[in-house]
Asks: 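What follows is a structure written as structure tokens; I'll ask about it next.
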Amino acid sequence: MRIILAGTGSAVGKTTVATGIMKALSEKYNVQPFKVGPDYIDPSYHTLATGNTSRNLDSFFMKEGQVRDSFLKGMKGKDIAVIEGVRGLYEGIDSINDIGSTASIAKSLEAPVILIINSRSLVKSAAALVLGFKSLDPEINIAGVILNKVKNNAHYEKTKRSIEEITNTEVIGGIKRDDDISIEQRHLGLVPAREKETSIKFIDIWSKTIKESIDLDRLVEIAKSAPKINPKTIPIWNKLNKQSVKIAVAYDEVFNFYYKENIESLEANNAKIQYFSPLNDEGLPDVDGLYIGGGYPELFSKELSQNSQMLRDIKQFHDESRPIFAECGGLMYLMDAIHDDKQVGIYPYKSVLTDRVQALKYTVAEVQEDNIISKKGEVFNGHEFHYSKVIVDNLKNPLAFKVTRGKGSYNLQDGFMEKNTLASYVHTHVAAMPNFGGNLAISARELGD
């Protein structure tokens with residue numbers, strides 16, 4: 001069983017509706033959540049709502065067969081998949097093709113789509129929206145509609161009748177406007193669920209609202225109508241390393257932006273994962289390699305700077321030429337400072353938070369130098385989303401990647417290199433770099449002693 005919840009554009013309340021549905025269905029089913037597109041924040045709510053780690057499906061990172069492979073890996077032992085779309089149903093990397101869109105995932109998985117509409121001030125025009133979305137691509141099975149932000153029952157019934165009689169598409173529910181169910185925003189979107197003690201309260205409210213507003217039994221029937229998955233799959237990672245290694249992954253309230261598949265690719269390459277907290281732990285565990293993901297180190301820069309033993313341990317790990325890979329927030333942490341707060345100091349530069357976004361797009365990068373995760377000449381897709389920047393006066397070493405789509409860290413380049421440490425603003429997904437887990441595990445095995 002699988003269903004995609006897609007929007008008609010921005011401000012339709014997709015995450016609130018999707019997370020509420022996931023929570024409500026979890027009372028009866030083992031729900032596997034998914035998110036279309038490059039996103040760490042929304043999946044944190046999905047995970048909290050269902051108890052299962054939300055996974056990303058993205059046709060910019062993944063070939064069609066990889067989408068199915070990733071989906072099937074996630075669905076093992078689960079009853080139903082609820083997939084939250086990204087932006088509007090058809091929004092992708094450009095105005096013509098499907099790459100990066102929710103529509104592309106719907107096609108790869110042959111999944112029925114429930115269209116979520118912000119129906120504020122709409123009645124018959126809502127039917128026009130549905131007609132347009134259905135006619136644009138007949139391959140997409142728009143099987144139902146949810147009306148969000150309806151004024152009252154009369155508004156809902158009028159809009160429902162308009163859609164059902166004009167477009168022959170059933171409306172399975174309507175959610176009244178309620179500002180009390182909104183949640184705090186931050187510069188990367190919704191606040192990560194793991195940071196907020198109140199998150200579970202919001203999710204419970206969303207779930208209660210969904211149960212009162214949407215025909216969940218009908219939603220499940222639509223999910224059941226999805227055909228069997230096309231068996232043609234492509235593995236999203238390669239197995240290269242056969243010997244056991246230990247890799248420490250930074251995971252706490254500061255660093256928590258990881259794709260589940262990246263961690264699994266390490267485990268598939270015989271890496272034993274040990275999670276640690278750069279903020280709270282007294283020192284590094286005994287491991288062969290480090291992986292420091294994204295997050296919000298700029299909000300914890302003072303506290304991170306005060307954990308002097310952790311800073312020394314990571315710097316020593318680097319000085320011993322053992323491998324460290326860092327992305328975005330991890331990159332900031334490895335710099336000399338975040339604003340005026342001293343950090344690890346592997347790189348002699350300062351990172352600062354700015355008032356406006358520095359990079360927000362899919363990226364394509366060409367590897368210019370062999371490094372701990374990739375080889376020269378390889379090309380991979382990624383994404384970047386950050387408000388911070390690195391101030392570089394004199395570049396010390398060549399950077400690992402030439403950015404052919406996107407911005408990068410410095411002069412359309414990314415991947416700061418120093419000994420066997422690599423730090424980049426580009427977020428990688430193993431589907432776009434299938435040797436990621438194997439290369440990092442091999443680097444840990446060969447360099448971590």
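Residue numbers run from 1 in the order of the sequence given. These values consider heavy atoms only, across backbone and side chains, with no hydrogens, waters or symmetry-generated copies. Fair warning: this is a prediction, and the values are worked out from it, not measured in the lab.
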Asks: Salt bridge or not for D98 and K107, using N-O below 4.0 Å?
Replies: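 Salt bridge between D98 and K107, a charged N being under 4.0 Å from a carboxylate O: yes.
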Asks: Can you confirm if the NZ or CZ of K14 lies within 45° of the ring axis of W206 and under 6.0 Å from the centre of its six-membered ring?
Replies: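 Ring-cation test returns no.
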Asks: Could you tell me whether R55 and E261 make a salt bridge, using a distance below 4.0 angstrom between a side-chain N and a carboxylate O?
Replies: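 Result for this pair is yes, salt bridge flagged.
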Asks: Testing the basics here: between K246 and V287, what is the closest heavy-atom pair and its distance to 0.1 Å?
Replies: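 Of all heavy-atom pairs spanning K246 and V287, the closest is O-CB, 3.5 Å.
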Asks: Treating S59 as the side-chain partner and G100 as the backbone partner, does any N or O pair qualify as donor plus acceptor under 3.5 Å?
Replies: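 Such a contact is found between S59 side chain and G100 backbone.
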Asks: Taking only Lys NZ, Arg NE, NH1 and NH2, and the carboxylate oxygens of Asp or Glu, determine whether K208 and D204 approach each other closer than 4.0 Å.
Replies: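 No salt bridge links K208 with D204.
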Asks: Using ring pair (Phe, Tyr, Trp, His ring centres under 6.0 Å), reason through F385 and H427 one step at a time and then give a plain yes or no.
Replies: CA-CA 9 Å; F385 187 4; H427 290 278; 8.9 Å; no
Asks: Would F300 and F255 satisfy ring pair (Phe, Tyr, Trp, His ring centres under 6.0 Å), going step by step from the backbone distance to the final call?
Replies: CA-CA 10 Å; F300 297 87; F255 304 102; 8.9 Å; no
Asks: Could you tell me whether the side chain of P323 reaches within less than 4.5 Å of the side chain of L290, counting heavy atoms only?
Replies: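 In short, these two side chains do not touch, never coming nearer than 4.5 Å.
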Asks: Looking at E84, K23, K35, which hits side-chain hydrogen bond (donor to acceptor under 3.5 Å, both in side chains) with H46?
Replies: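 When side-chain hydrogen bond (donor to acceptor under 3.5 Å, both in side chains) is applied between H46 and each of E84, K23, K35, only E84 qualifies.
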Asks: Using side-chain heavy atoms (C-beta onward) and a distance below 4.5 Å, is N230 in contact with R68?
Replies: yes
Asks: Has T47 got a side-chain atom pairing as donor or acceptor with S44's backbone, closer than 3.5 angstrom?
Replies: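 Such a contact is absent between T47 side chain and S44 backbone.
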Asks: Do you know the tightest heavy-atom contact between N148 and V17?
Replies: ND2-CG2, 4.1 Å
Asks: Fit a plane to each ring of F416 and Y347, take the angle between them on a 0 to 90° scale, and name the class: parallel (under 30°), tilted (30 to 60°) or perpendicular (over 60°).
Replies: tilted
Asks: With a 3.5 Å distance limit and no angle check, can you tell me whether N397 reaches the backbone of M417 through a side-chain donor-acceptor pair?
Replies: yes
